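Chain identifiers are assigned alphabetically (A, B, ...) following the order of the sequence lines, protein sequences preceding nucleic acid strands; residue numbering begins at 1 within each chain. Note that this is a predicted model, so its numbers are computed, not measured.
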Amino acid sequence: GENVEQHPSTLSVQEGDSAVIKCTYSDSASNYFPWYKQELGKGPQLIIDIRSNVGEKKDQRIAVTLNKTAKHFSLHITETQPEDSAVYFCAVSAGPTSGSRLTFGEGTQLTVNP
Amino acid sequence: KAGVTQTPRYLIKTRGQQVTLSCSPISGHRSVSWYQQTPGQGLQFLFEYFSETQRNKGNFPGRFSGRQFSNSRSEMNVSTLELGDSALYLCASSYLYNEQFFGPGTRLTVL
């Protein structure tokens, strides 16, 4: 089955710095790559996603890049703020053949220090 | 639009009992997926329902089951609870494939 590895497991940055989280996956049929942010006591919140026909997508301070050849994708957060502190999960899906099933990475605890 | 709602939010059960969790998807969403989240195993897919049919199933024992109703609301049931079933159970809904929106989860504690 699909295997997703996420690094680092913890990341501490100063407010205003950039943060980068990376994920690799194993199934070349994967074609959808979302990122979720989970705050304490809440469910995961979809923050950005990318599909396999796109190499990069940006939404204000958040961007995701995808390298299908190398089977890895990354989340980039610029100008970090204390409210960005949370656990971030990457996920992959193989699309219609697997329905809406997502396989998640282990998560990254991001701490933004004021 | 209202988000995904899950009830109850917290639940305490003892070993051997059974439990039923409920999920109401975002209006218009026909797919409902369930995930188990634990510190040790992370987020793991349980199953997905689409138009009242199970479309996909993860690697969980038969004690875990689910169903979906004609209004897309879904329930999951865990029978003969074990200590290891203590977890946050998350429900997610989607309109078509992929984009999934999660509810706040049900925190199940098995004593």
Side-chain angles (χ1 to χ4, degrees), chain A residues 1-10 21 23-25 27 29-54 57 59 64 66 73 86-109, chain B residues 1 3-7 9-10 21 23-26 29-60 66 68 72 74 87-107:
Chain A
E2 174 73 270
N3 183 48
V4 180
E5 293 189 359
Q6 182 173 343
H7 299 280
S9 56
T10 60
I21 303 170
C23 287
T24 60
Y25 61 96
D27 188 352
S30 296
N31 59 11
Y32 175 66
F33 309 89
W35 285 89
Y36 287 87
K37 173 184 180 183
Q38 187 173 26
E39 296 174 303
L40 206 59
K42 297 183 178 180
Q45 174 195 2
L46 178 65
I47 55 172
I48 196 168
D49 58 9
I50 192 168
R51 298 184 188 274
S52 58
N53 57 346
V54 177
K57 183 177 179 180
D59 182 5
V64 57
L66 171 64
F73 58 113
V87 180
Y88 291 80
F89 292 94
C90 63
V92 303
S93 173
T97 57
S98 65
S100 295
R101 175 178 187 158
L102 293 173
T103 301
F104 284 86
E106 303 91 340
T108 296
Q109 174 70 63
Chain B
K1 254 187 190 178
V4 177
T5 58
Q6 292 187 245
T7 57
R9 291 293 314 277
Y10 302 92
L21 313 181
C23 171
S24 292
I26 292 170
H29 286 191
R30 294 166 62 188
S31 168
V32 173
S33 298
W34 289 88
Y35 294 82
Q36 181 195 66
Q37 185 174 26
T38 60
Q41 299 298 318
L43 276 153
Q44 293 188 292
F45 173 80
L46 281 156
F47 30 66
E48 178 198 3
Y49 287 86
F50 183 87
S51 294
E52 302 180 64
T53 300
Q54 188 179 85
R55 182 159 74 175
N56 214 328
K57 188 178 188 307
N59 297 325
F60 279 81
Q68 187 179 34
S72 294
S74 176
L88 180 67
Y89 290 88
L90 292 158
C91 164
S93 77
S94 63
Y95 174 64
L96 290 174
Y97 296 109
N98 304 146
E99 287 181 326
Q100 292 190 53
F101 299 91
F102 283 83
T106 294
R107 172 73 62 187

Side chain, backbone, both or neither of B:Leu43 within contact of chain A (heavy atoms, under 4.5 Å):
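It is both, since atoms from each part get that close.
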Chain A contact via B:Arg107 - side chain, backbone, both or neither, heavy atoms under 4.5 Å
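The answer is neither part of B:Arg107.
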A:Gln45 versus chain B, the contacting section by heavy-atom distance below 4.5 Å
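For A:Gln45, neither part sits under 4.5 Å from chain B.
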Heavy-atom proximity to chain B below 4.5 Å, by part of A:Pro34:
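Neither; nothing under 4.5 Å.
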Top contributor to chain A interface from B:Cys91, B:Ser33, B:Gly42, B:Pro104 [non-hydrogen pairs under 4.5 Å]:
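Of B:Cys91, B:Ser33, B:Gly42, B:Pro104, B:Pro104 has the most heavy-atom pairs under 4.5 Å with chain A.
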Is there side-chain contact between A:Leu46 and B:Phe101, with at least one heavy-atom pair below 4.5 Å?
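Yes; the side chains approach each other to less than 4.5 Å.
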Is it true that a side-chain atom of B:Gln37 and a backbone atom of B:Leu88 form a donor plus acceptor pair closer than 3.5 Å?
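No: the side chain of B:Gln37 does not pair with the backbone of B:Leu88.
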Is it true that A:Gln6 and A:Thr108 share a donor-acceptor pair across their side chains at a distance under 3.5 Å?
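Judged by distance alone, the side chains do pair up.
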Would you please say whether a donor-acceptor pair under 3.5 Å links the side chains of B:Ser94 and A:Ser100?
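Judged by distance alone, the side chains do pair up.
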Let me know which of B:Tyr89, B:Phe47, B:Phe102 forms a side-chain contact (heavy atoms from CB on, under 4.5 Å) with B:Tyr35.
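Result: among B:Tyr89, B:Phe47, B:Phe102, B:Phe102 is the only option passing the side-chain contact (heavy atoms from CB on, under 4.5 Å) with B:Tyr35.
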